[in-house]
Amino acid sequence: MAGSSRALFLLTLLLFSFSEATEILVGGKPNAWKLPSSQSQSLNQWAETSRFRVGDTLVWSYEEGKDSVLKVGKEDYEACNTQNPEQRFEDGNTKVELHKPGPFYFISGAKGHCQQGQKLVVVVVTPRRRFVSFSPAPSPTEIEGPAVAPSSGAASFNVGFLAAVVGILGLGVGFL
């Protein structure tokens, strides 16, 4: 009985790991929020190779009092306008949750830094649907013919998913 409990726990952990939001360190390393030394060092280059999902949290690490992070709109991002940010962060350890799909724009609040390339745009992807939806049956045609059973890719997905779950449970019990 203890073996099946562990297998169930492992399965639950596995399923939650697919949808769990994560904290993402901006630039992939501490103190990356700084003037880029070249175009290839731009945080936008890093962002283009990363995937951001709804619920993820961006984390900036920088020296408090010497810089800041401003969340701005697209126009202020392009113009490096620091005057009217949507949000201003100055604590040196800024965390911003990506709460919806679409682009998020950030610029440095330090004078002249945005103009020198210290800015970031991240695009958050739409979350995957968690439930399989079934499309309605097609309307009958005017030509009469033999009845054909409807087919659905969702049924094969459910069978495949169930087979994967059973396989994982079997592996879990085998390891315990």
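From a predicted model like this one, the values you see are computed outputs, not experimental measurements. For the numbers below, each heavy atom of this structure counts, side chains included, while hydrogens, waters and symmetry mates do not.
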| remark: Between P85 and L70, the two heavy atoms sitting closest are CB-CB, 4.0 Å
| request: Starting at CD of E78, measure out to SG of C114 and round the result to the nearest 0.5 Å. | output: 10.5 Å
| said: Working note: D67 + Q118, criterion side-chain hydrogen bond (donor to acceptor under 3.5 Å, both in side chains); need CA distance, chi angles, decisive distance, verdict. | reply: CA-CA 11 Å; D67 207 341; Q118 189 178 348; 2.6 Å; yes
| Hey, do the aromatic rings of W60 and F106 have their centres closer than 6.0 Å? | yes
| message | Closer than 3.5 angstrom, by distance alone: can the side chain of D56 be matched with the main-chain N or O of T22 as a donor-acceptor pair? | response | yes
| query | Say you draw a straight line from NZ of K71 to CG of D76; how long is it, rounded to the nearest 0.5 Å? | reply | 11.5 Å
| Pairs where residues 66-92 contributes a residue and the test ring-ring contact (aromatic ring centres under 6.0 Å, His included) is met, not counting sequence neighbours | Y77-Y105
| task | Would you mind reporting whether H113 and K111 have side-chain heavy atoms less than 4.5 Å apart? | result | no
| message | Under the criterion side chain to side chain contact (heavy atoms under 4.5 Å, CB included), I'd like the reasoning laid out for L120 against N44: C-alpha separation, chi angles, the key distance, then a yes or no. | response | CA-CA 5 Å; L120 171 67; N44 284 331; 3.7 Å; yes
| field | Shared hydrophobic cluster for V96 and W33 (ILVMFWY, side-chain gaps under 4.5 Å) | value | yes
| request: Examine V69 and V122 and state if one hydrophobic cluster contains both, with Ile, Leu, Val, Met, Phe, Trp and Tyr joined whenever side-chain heavy atoms are less than 4.5 Å apart. | output: yes
| query | Roughly how far apart are S37 OG and Q116 CD, rounded to 0.5 Å? | reply | 12.0 Å
| Do V121 and F104 pass the side chain to side chain contact (heavy atoms under 4.5 Å, CB included) test, and can you show the C-alpha distance, the side-chain angles, and the key distance before you say yes or no? | CA-CA 6 Å; V121 60; F104 285 76; over 6 Å; no
| message | As an exercise, state the distance from OG of S61 to NZ of K34, rounded to the nearest 0.5 Å. | response | 11.0 Å
| query | Just how far is it from atom CD of E86 to atom CG of N84, taken to the nearest 0.5 Å? | reply | 10.5 Å
| In terms of hydrophobic clusters joined by side-chain contacts under 4.5 Å, are L43 and I24 together? | yes
| message | Can you give me the closest heavy-atom contact between R53 and V124, atom names plus distance? | response | C-CG1, 3.5 Å
| task | Kindly write out the residues that satisfy salt bridge (Lys or Arg N to Asp or Glu O under 4.0 Å) with E75, not counting sequence neighbours, or none if the list is empty. | result | none
| field | Check: Y62/T94 side-chain N/O donor and acceptor closer than 3.5 Å | value | yes
| Heavy-atom side-chain contact between T82 and C80 under 4.5 Å | no
| query | Other than L25, which residues form its hydrophobic cluster under the rule that side-chain heavy atoms must be closer than 4.5 Å? | reply | V59
| query | Looking only at heavy atoms, what is the nearest atom pair of A110 and S68, with distance? | reply | N-OG, 4.2 Å
| query | Rounded to the nearest 0.5 Å, how far does NZ of K95 lie from OG1 of T57? | reply | 7.5 Å
